[in-house]
Each structure stands twice: as C-alpha cells, then as structure tokens.
2 protein chains.
Amino acid sequence: MQQRNLTEHVSLSGETELSGKALKVLQAARKVFLAHGFSAATTDMIQREAGVSKSTVYAHFTNKEALFTAVIKSECTAFTRALHNIRFQPGRLKETLGILARTYLDVVLSPSGLALYRVAIAESARFPALAHTFYRAGPQVSARLVADLLAGASQSGEVNFGDTSLEAVACMFVNLVRSELQLQYLTYPDSPPSAAQIETWVTNVVTLFMRAYGGGDK
Amino acid sequence: MQQRNLTEHVSLSGETELSGKALKVLQAARKVFLAHGFSAATTDMIQREAGVSKSTVYAHFTNKEALFTAVIKSECTAFTRALHNIRFQPGRLKETLGILARTYLDVVLSPSGLALYRVAIAESARFPALAHTFYRAGPQVSARLVADLLAGASQSGEVNFGDTSLEAVACMFVNLVRSELQLQYLTYPDSPPSAAQIETWVTNVVTLFMRAYGGGDK
DNA sequence: TTTGTACTGTACCGTACAGTTTGATATGGT
DNA sequence: ACCATATCAAACTGTACGGTACAGTACAAA
C-alpha cells in the first residue's frame, strides 16, 4: 500500500487506514471518480474537492491510478458490507424473498451503488482486477446469500427446484431482481424508478419464482 | 447532420449517408470509441485508424462529440436491426423461447454489442440522449418482440400469466436471459462465457418460465 | 532549541489533446 | 484552360493534464 502516516487508524473505507488528510483525499477521490469515471476525472478536481494541496495528494498516493484503485476497492468492500445487512427469518419464504429483493435493490439503486457499477464496467479494460473484485463483491456475494436462504427452504421442503441447481436458481433470482430497474436508472439517471415501480417489479419477480418452484401454497 | 459530400449514398451505418472518406472516418471512430469510450479516445487515433488526414475528419464532422454521437446512433440502429432477425414459429413455445434467447444472446454478447452497452452506460451522464436511444433500441425493442410472441401463446391458451401482465413477463424474460452472462463478460472480458455455459443458462431460464407460466406440458 | 513531519501554495515541466490554418496536389466537370 | 471540390501533410495554437520541485509554515516531540 501507499500510506505513510501511521498515527491514526480510522476505518471509514474498509481496511484499517489513513490519517486525516489522506482520508479527505480518498473521500474526495471517491466523489470525483464515481461521478466522472477515470479518464474524465482530474487530480485537480480531487485536490480542490479535498481542500488539500497537490503535494498532499501525491504524498499519500503514488499516482492517479493508485488513487482510483483505492477508491474502487473501498467501495466494493462497503458494498459487500451493506449486502450483509440483509437478514431473514426461515419459513415464510415468499415474504423473505420480497424483503431480500427490496433490501438488495436499496443498495444497488443507491447513487453510490449505481455509480460503482457504471465505473467498474466502464474501466474494466484498463483495470481488469478491479472489475473482478467488483463482480465478486457484488453479484457473487448476493447470489451466495440467496443460495443460503434457498438451501434452508429446500431442506424444509418449502420448494422444489426440479433439475435446476440451487445455485442457478439463486443466481437467476438476484439477476432478475436487479437488472431491469438498474438499467433503467443507468440510462435515465434523471428519473429514478419510483417506489411503486420497485414494488410492482419485486412482486412480479417473487411471484414468478414462487409459481415455478413453490410447492402448493403458491 | 454534418455531411457535405452528397455524391454517393451508401448505407452501412443505418441512415442514408456519407461518401467514401466520411464512411472510413465513421468506421474508424466506431472502432476507437467502442474500445476506449469517449474520454480516453483521441481524434488522432481515429484519424490514424481511418488512414485519413486530420482535416478530412473535421471536414465531415464538426467535432469529437458529433462523431461520438454519430457512432452510437449508428450502432443502436444496427443493434435493433440485428434483433429483428429473430424469427419464430407459433406453437412449440418452449423451443421458440430457447431459440429467441440464444439469438438474443448472440447479439448482446457480441464484441460490438457488449462494447455498445459499456460505452452507452459509461457516458450516460455526458450524453443522456444517447443513453435513452440505447435503451429504446436495445432492451425495449427486445421486450416488445418477446411480448408479441407471448401474446400469441397466450391467445392459444399455451400459457397462463395469472396476475402478471404480459409486458412484465416479457420484460422479465429478456432481462433474465441477458443479465448474468453479460455481466460476467463485462467483468471478465478475457474469458467469454462458453457455449456450454450459455446453453445451461438458457435451459435454466426457459425452464423457469415454463414451470411458472406453462400449462400442463411443463 | 532543535529536529522531524505533515502540509501549503505555487511555479514549473513535458506531454497530450482538440481544433485551426496553410499551402500543396489531384480530380473531374465545364 | 479553368475552377470547384476533396483531399493531403504538417505546422501551429491554446489549453489542460499528470506529476515534480521548491520554498516556506505549523506543530509536536526530544
């Protein structure tokens, strides 16, 4: 890593990290990079936003790329942590799926969640490792969570997946919950999906899965 | 528009357009913009790729933005045209859905389809109108196609959607077909999904929908 | 008091980029 | 022969950017 000042260890960004000014820089970089992507962002914007001199930026981060990497990694761990706030009670599968979907969408459709997706995808050619990190921190973790839930429901006989693997069902669920609303928001950033729209979508998705795999209760 | 030379009207790009050199420029711009996005692409790269002088570029396009706009619009119409190659026979819904999914994925997971998605999303803040165009040319058109298919199946009693609207079902289908494989490819550009992986995914998706909405035949 | 460290502000360097201008060449129609 | 058009190569302008250098300040520990 590239920090120098080890006097404090405040963790607002994922790992144990960074004294005062360095944190300011990181937060500013977060704002700028998520808003403009890598190429269109300038170190001057970051420096100005952080209220810090140019020298300070380069005292803590070797260059623009290192700063970008630090930001995206930090966002990924924050994203994963947010996902782990999802809790559910066993039984009442239909309700649990709905809650899970809504909580997931809360994270995915948040300004930072959306921006992280956009930037990670946009820069996947220049920063392949970051794109991998993003996939594992986001979609992969989500699918794992759902799979765990479904495993419980499967054991209690609440559901029957036929020939389809449990993991595949979980993967399909998270993708279906996310994709359309996320894409709409990405392409129409000025008109975010309404609460009613979200509700309708979640209902439709949960209904689809319950009809397909739910036993008799439907 | 911004063409000047009206001697020929070759249409390789969507609308009636562009004499020889201008087309060369547009094709080069397509390659460069789709590979690097807007900010990281330079007009010099385009000029070099086109084998054309700088003056010629600016003789046909007012500036970098106009060139970018022309490229994305042209790609969107090409995308839509590719989608309309999807044909299907009524009856045999399950098979038709599978064919449709595979053809759709062919377009979406093609290098240019993937790059178009990436760039349109990445630049949606700077070029909102292009993002809208993309959404309408891609996801919206696809959903419309599937909806038409489902309408036929619904009338012949092949399926029963319960409380869910036909359009919602169509929308869910195209999203589910696309999202996971597309995201994997976007984040792991060096290991595209294998044919087997695609096949498994399509089978799982079609099975899901047939279990949920298909009548007795399953 | 001295020393080290973090930081500031600003100037600077080299490069890169979008876009313009100039002046020459080639072509084809009149 | 003349002219308009399309093209070319290349030099040039102005600006912006990433990154460095440097002289100086604030502060705390020794």
Side-chain angles (χ1 to χ4, degrees), chain A residues 1-10 17-33 35-72 119 122-123 126-127, chain B residues 1-10 17-33 35-72 119 122-123 126-127:
Chain A
M1 299 284 159
Q2 57 277 51
Q3 72 270 36
R4 229 190 256 168
N5 180 355
L6 300 174
T7 54
E8 305 179 36
H9 284 262
V10 188
E17 280 215 24
L18 302 191
S19 74
K21 298 282 177 174
L23 187 59
K24 277 267 166 57
V25 173
L26 194 66
Q27 288 167 332
R30 181 190 114 102
K31 190 167 169 181
V32 173
F33 279 133
H36 299 91
F38 180 79
S39 295
T42 75
T43 55
D44 276 14
M45 297 164 72
I46 295 171
Q47 172 234 124
R48 215 174 307 132
E49 174 76 33
V52 135
S53 80
K54 210 164 190 180
S55 325
T56 305
V57 173
Y58 285 98
H60 291 286
F61 299 90
T62 64
N63 54 27
K64 194 186 178 186
E65 263 130 20
L67 198 39
F68 184 72
T69 301
V71 166
I72 300 301
V119 175
E123 305 297 345
R126 201 195 304 243
F127 300 93
Chain B
M1 298 282 159
Q2 58 277 50
Q3 70 268 39
R4 229 190 256 168
N5 180 356
L6 301 174
T7 53
E8 304 181 38
H9 284 260
V10 187
E17 280 217 24
L18 302 191
S19 74
K21 297 280 179 175
L23 186 60
K24 277 268 166 59
V25 172
L26 193 66
Q27 288 168 332
R30 181 191 116 101
K31 189 167 169 182
V32 173
F33 279 133
H36 299 91
F38 181 78
S39 296
T42 75
T43 55
D44 276 14
M45 297 164 73
I46 295 171
Q47 172 234 124
R48 216 174 306 131
E49 175 76 34
V52 134
S53 80
K54 215 163 188 178
S55 328
T56 305
V57 173
Y58 285 99
H60 291 285
F61 299 90
T62 63
N63 55 27
K64 194 186 178 186
E65 263 129 17
L67 198 40
F68 184 71
T69 300
V71 166
I72 301 301
V119 175
E123 304 297 346
R126 202 196 302 244
F127 300 92

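Sequence lines set the chain letters: A, B, ... in the order given, protein chains first and strands last, and positions in each chain run from 1. Just so we're clear, the structure is a prediction, and the values are computed from it rather than from any experiment.
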Measure the distance from [atom1] on [X] to [atom2] on [N] and round it to the nearest whole Å.
{"X": "B:Phe61", "N": "C:dG19", "atom1": "CZ", "atom2": "P", "value": "13 Å"}
{"X": "B:Ile46", "N": "C:dC17", "atom1": "CD1", "atom2": "C1'", "value": "12 Å"}
{"X": "B:Arg48", "N": "C:dA16", "atom1": "CZ", "atom2": "C1'", "value": "12 Å"}
{"X": "B:His60", "N": "C:dG19", "atom1": "NE2", "atom2": "C1'", "value": "16 Å"}
{"X": "B:Gln47", "N": "C:dA16", "atom1": "CD", "atom2": "P", "value": "15 Å"}

When every nucleotide of nucleotides 13-20 of chain D is labelled 5' to 3' by its protein contacts under 4.0 Å (heavy atoms), B for base, S for sugar-phosphate only, - for none, what sequence of letters results?
----SBBB
Got a second to check how far A:Lys54's NZ is from A:Asp44's CG, nearest 0.5 Å?
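The CG atom of A:Asp44 is 4.0 Å from NZ of A:Lys54, to the nearest 0.5 Å.
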How far does NZ of B:Lys24 sit from CD of B:Gln27, to the nearest 0.5 angstrom?
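Nearest 0.5 Å value for the NZ-CD distance: 7.5 Å.
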For the side-chain contact (heavy atoms from CB on, under 4.5 Å) test, which of A:Leu67, A:Ile46, A:Ile72, A:Val71 pairs with A:Arg30?
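The passing option is A:Val71.
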If you compare all heavy atoms of A:Phe61 against all heavy atoms of A:Ala22, which two are closest, and at what distance to 0.1 Å?
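Result for this residue pair: CE1-O, 4.1 Å.
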Could you check whether any side-chain heavy atom of A:Ser39 comes within less than 4.5 Å of a side-chain heavy atom of A:Arg126, counting everything from C-beta outward?
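Yes, at least one pair of side-chain atoms sits under 4.5 Å.
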Check the orientation of B:Phe33 and B:Phe38. Use parallel for under 30°, tilted for 30 to 60°, and perpendicular for over 60°.
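Aromatic pair B:Phe33/B:Phe38 classed parallel.
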